[in-house]
Each structure stands twice: as C-alpha cells, then as structure tokens.
Amino acid sequence: MSTSKLETLRIETAAAVEKAVEVLKQYLSYPTVSAQQLAIPETVEFVVKMIREAGGTAEVLDDLPGNPVVYGYFPAGSKGDSGKTLLFYNHYDVQPPEPLDEWISEPFHPVIRDGKLFARGVADNKGDLVARLTAIQILQKVNGGLPCNVKFLVEGEEEIGSPNLAPFLEKYRDKFKADACIWEFGEKDVDDRISMVAGLKGMAYLELSCVGADIDIHSSVGAYVDNAAWRLVQALATMKNQQNEILVEGFFDGIEEPSEAVLQAIHHLPFDQESVSSMYGLKRPLITEAKGQDPREAMVLEPTMTICGIVSGYTGEGAKTVLPKSAKVKIDCRLVPGQDPDHILACVQRHLEKHGFHDIEAVMINGQKAYRSDFNHPFIRHVMDTAKEVYGKEGVLAPNAAGTGPMYIFGEQLQLPIVSTGVGWAGSKAHAPNESIKLKDFEEGIIHMAYMLLGL
Ligand SMILES: [Zn+2]
C-alpha cells in the first residue's frame with residue numbers, strides 16, 4: 001500500500017463526511033429501543049435503504065424468533081479482488097435513553113455541539129455502521145470497486161443480550177461465512193489512542209435464593225427459627241474468601257492457557273491505578289494488590305464472581321424487627337475462554353449441596369461463553385498496522401475486553417478472527433445520558449475502515 005492511497009482516502013473522506021453525518025442523523029432519529037420494542041420495522045427499513053444506497057444488496061431475515069436481522073452484501077469489484085470476505089457485525093437497536101431529564105438535548109433529535117454529535121446510539125453503535133458503509137462507498141469511487149467481498153450482519157437485539165443470535169447463526173452459517181470480522185464497537189482511550197479488542201469475556205449470571213418460611217415472622221422467634229438471610233450470606237461466604245479467591249470446586253476447569261502473544265499484548269495495555277481509584281472513589285486497595293497481581297492480567301485472564309445485588313427483609317428507614325421469609329442474591333461471573341456457563345452453574349449447585357445448603361436454589365439468568373481471537377492471525381496485525389498509519393500513533397489491542405458480548409457465537413460458528421474497533425471516544429457515555437461521538441473520530445474511523453479493506 002502506498003501513502004498516496006491513504007492520502008486519496010483522506011481527501012475523499014473529507015469530501016464525503018458531511019453527507020455521511022446527515023445520513024447518520026436520520027438513522028439516529030429512530031428511537032430503536034429494543035427493550036421496549038420501539039421503531040423496529042422503520043429502523044430495519046432504513047438500514048436496508050442505507051445498504052442499497054451504498055451499492056449493496058440487502059435482505060431482511062425474519063423467519064426466526066426475535067427482531068429481524070439485516071444481511072448486507074457487497075461483492076468484490078473487478079480490480080484486484082483478493083478473494084477474501086470481511087464480515088461487519090453491527091446492531092441497529094439502542095439502550096433506553098432514561099433518565100431523560102439529564103440529557104442536554106433530546107436523545108432522538110441528534111445535535112452537533114463543539115465538534116461532537118449527540119444522540120442515543122451514536123457511539124453504540126449507529127455511528128459505526130454509517131462509518132463502515134461510507135468507507136465502502138468511498139472505495140467504490142476511488143478504487144473502482146471493493147478489494148474483497150464485504151458482508152454485514154446488523155441485528156436488533158444486542159442491547160437486550162442477543163437472545164436469538166445463536167440459533168440464527170447456526171441456521172445462516174453459510175450465508176455469513178467470512179475470513180475475518182470487524183465487531184460492532186470501539187473508541188479512543190483517555191490518551192486519544194484507538195483502543196480495540198480481539199475478544200470478550202463470557203458470563204454466567206446466577207440468582208441464588210433461600211426461602212425459609214411462607215411468611216415474614218416476628219423476629220422474637222429468631223430464638224428458635226432459622227433465618228434465610230443468614231443462610232444466604234453463610235453460603236456466599238463459602239464461595240469466595242477474604243482474599244477474593246473463588247472457592248467453588250471446578251470453577252476454573254477448562255481455562256485456556258494464554259499464548260505468549262496474548263501475554264505480551266497484556267503488558268502493552270494502559271492502566272493508571274491512581275486515575276481508576278479516583279474515578280470510582282475507591283475506599284479500599286485494589287484486590288489485585290494483595291495478590292501481587294497485575295490488574296491488566298486480571299482484567300484479561302481472570303474470571304470473576306461478583307455480587308451484583310442482595311435483598312432480604314426490611315431495608316427502609318429506622319427499625320423494623322422482622323425475620324425475613326426469604327433472601328435473594330444476583331451474582332455475575334465473568335468467564336474467560338475455555339469456561340462453560342452451564343458447568344459453572346452445576347459447580348455452584350454442587351458446592352451448595354456439599355456445604356449443606358440444600359435449601360438454597362441456584363439458577364442461571366443468562367450464560368455466554370468467552371471468545372478470544374487467535375492473536376497470531378495476520379488479520380489482527382493488519383488491523384493494528386493500518387490503524388497506526390491512519391491515526392498517526394500506535395493503537396492498543398486487548399486480547400479480550402473485560403466485558404461480555406455474543407462474540408463466541410460468531411467465533412464458534414464461523415471460525416474467524418474478530419477485532420472490535422469503532423468511532424467512540426473516552427467520554428462517549430454509551431448507555432448513559434448525553435451519548436456522543438467526535439466528528440473527527442467519525443471521519444478517521446471511515447478512513448481506517450477503507451484503508452484496512454484495501455489491504456485485505
Ligand atoms: Zn450497548
């Protein structure tokens with residue numbers, strides 16, 4: 001690839017970006033809140049229109065349960081076809097905009113202020129889709145066609161956990177076959193470096209409940225009646241010790257050894273302990289400190305077990321003497337490659353039995369396996385190298401993020417390397433009020449996607 005090709009892309013993108021922002025603003029005006037099933041058909045229609053206007057063919061796949069998935073296809077042009085296929089994964093749904101009174105401008109009336117575009121879904125992830133489609137249009141213009149085949153999978157249930165994606169991909173595996181995949185999201189970090197991920201952690205979201213009686217009881221009978229809240233906290237105390245070690249037998253079964261490349265990449269990840277502590281107002285030292293562990297290693301390689309919420313009895317103001325009839329806790333376990341959520345649930349159930357807590361029931365609310373791309377795959381290097389040229393500085397690529405998403409379904413069904421990158425910034429506030437992207441990042445994101453495709 002010559003520098004002049006990149007320069008041409010920069011010039012063409014500068015000329016095309018204004019129109020792309022207008023298209024994005026239209027797209028953002030649909031209140032596509034999947035949790036409330038809002039504006040789904042209209043948004044699907046708009047996504048189809050965008051794909052067709054960019055020169056591709058679009059198909060709405062709605063023969064399975066769940067919101068429709070839009071399939072987009074752009075065949076390679078005649079010039080220099082590499083024979084490869086790239087798949088873009090995006091979603092057209094967004095998070096609910098609440099709390100509404102914290103928005104400076106209306107969430108579904110996109111507004112530009114200080115070089116930023118504000119609207120619900122602009123960073124997560126409507127801006128990415130428009131950037132990618134714009135990159136394709138530019139390549140068709142300057143390159144006389146695409147250097148490879150490009151496919152899009154745009155789903156409408158990502159923000160509610162993609163509950164129907166696994167059977168969908170199983171059915172349509174051949175349709176979405178590709179050599180590599182660019183995932184939905186990404187952003188620049190606090191140092192303005194593009195930060196990307198090549199995998200995601202999995203999840204076993206559990207609910208444990210203990211029922212001790214049919215009704216709440218006068219607490220005086222605590223003299224002879226056992227207490228569901230105590231039972232639950234005693235059970236929890238057997239699952240994790242004060243050193244924050246998970247004690248459930250079998251919990252760590254199957255965990256994949258990280259490759260040398262993964263370990264090296266971890267040591268290039270940024271981590272500023274002081275800013276983390278002050279951002280959250282932490283009152284205790286990091287748990288990795290006592291273990292003598294690098295927090296970045298923990299983020300990428302360690303599974304977690306977190307109490308998300310716990311309820312029982314009276315928690316209002318003042319005193320109410322009561323012996324609660326039941327207690328409930330929500331626990332999320334972030335899993336790493338090799339762990340299986342069903343196995344985690346079975347281990348927790350066995351653990352409770354073994355420790356005499358037959359009266360505590362454990363169920364799984366949702367489960368998802370982790371995914372980490374093969375870090376030695378040339379595609380991973382290619383995305384990094386092109387990012388460095390386009391953004392003018394080295395990007396950061398995490399082997400897997402500490403968060404969760406349906407990446408494993410893609411990796412397992414399609415067997416390809418996946419990198420997530422996008423047009424957000426460190427202050428994008430995805431899922432929160434006043435979500436935004438910087439127009440400059442949007443423009444650079446278009447250039448990166450076009451330049452990356454050129455060398456594929
Ligand atoms: Zn999201």
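For the single chain, residues carry numbers from 1 onward in sequence order.
- Judged by distance alone, the side chains of Ser162 and Glu155 do bring a donor and an acceptor atom under 3.5 Å apart.
- With sequence neighbours left out, Glu435 forms a salt bridge (Lys or Arg N to Asp or Glu O under 4.0 Å) with Arg120.
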Atom pairs and distances, side-chain donor-acceptor, residues 416-423, under 3.5 Å, sequence neighbours left out:
from, atom 1, to, atom 2, distance (Å)
Ser420, OG, Phe185, N, 3.3
Ser420, OG, Phe185, O, 2.6

| Is there a side-chain hydrogen bond (donor to acceptor under 3.5 Å, both in side chains) between Glu157 and Asn164 once you walk through the steps? | CA-CA 8 Å; Glu157 297 188 322; Asn164 298 294; 2.7 Å; yes
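- To the nearest 0.5 Å, the span separating SG on Cys347 from CD on Gln339 amounts to 9.5 Å.
- In this view, Asp93 satisfies the salt bridge (Lys or Arg N to Asp or Glu O under 4.0 Å) rule with no residue, not counting sequence neighbours.
- Side-chain atoms of Arg113 and Ser105 include a donor-acceptor pair closer than 3.5 Å.
- Side-chain N/O atoms of Glu389 and His448 include no donor and acceptor closer than 3.5 Å.
- Using cut-offs of 30° and 60° for the angle between ring planes, the His377 and Phe379 rings count as perpendicular.
- In this structure, Ser34 and Asn67 approach most closely via the heavy-atom pair CB-ND2, 4.3 Å.
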Can you list, pair by pair, the side-chain donor-acceptor contacts under 3.5 Å of residues 15-24, counting residues two or more places apart and other chains?
none

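- With sequence neighbours excluded, the residues forming a side-chain hydrogen bond (donor to acceptor under 3.5 Å, both in side chains) with Glu12 are Lys141, listed by chain and number.
- A ring-ring contact (aromatic ring centres under 6.0 Å, His included) with Phe176 holds for exactly one of Phe152, Phe88, Tyr71, Tyr73; it is Tyr71.
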| task | Apply side-chain contact (heavy atoms from CB on, under 4.5 Å) to the pair Ile409 and Tyr371, showing each step before the final yes or no. | result | CA-CA 9 Å; Ile409 305 170; Tyr371 187 70; over 6 Å; no
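- The side-chain tip of Lys188 does not point at the ring of Trp425 from less than 6.0 angstrom away and within 45° of straight on.
- The list of ring-ring contact (aromatic ring centres under 6.0 Å, His included) pairs with a residue in residues 255-275, not counting sequence neighbours, is empty.
- Using a cutoff of 4.0 Å between basic side-chain nitrogens and carboxylate oxygens, Lys440 and Glu443 are not scored as salt-bridged.
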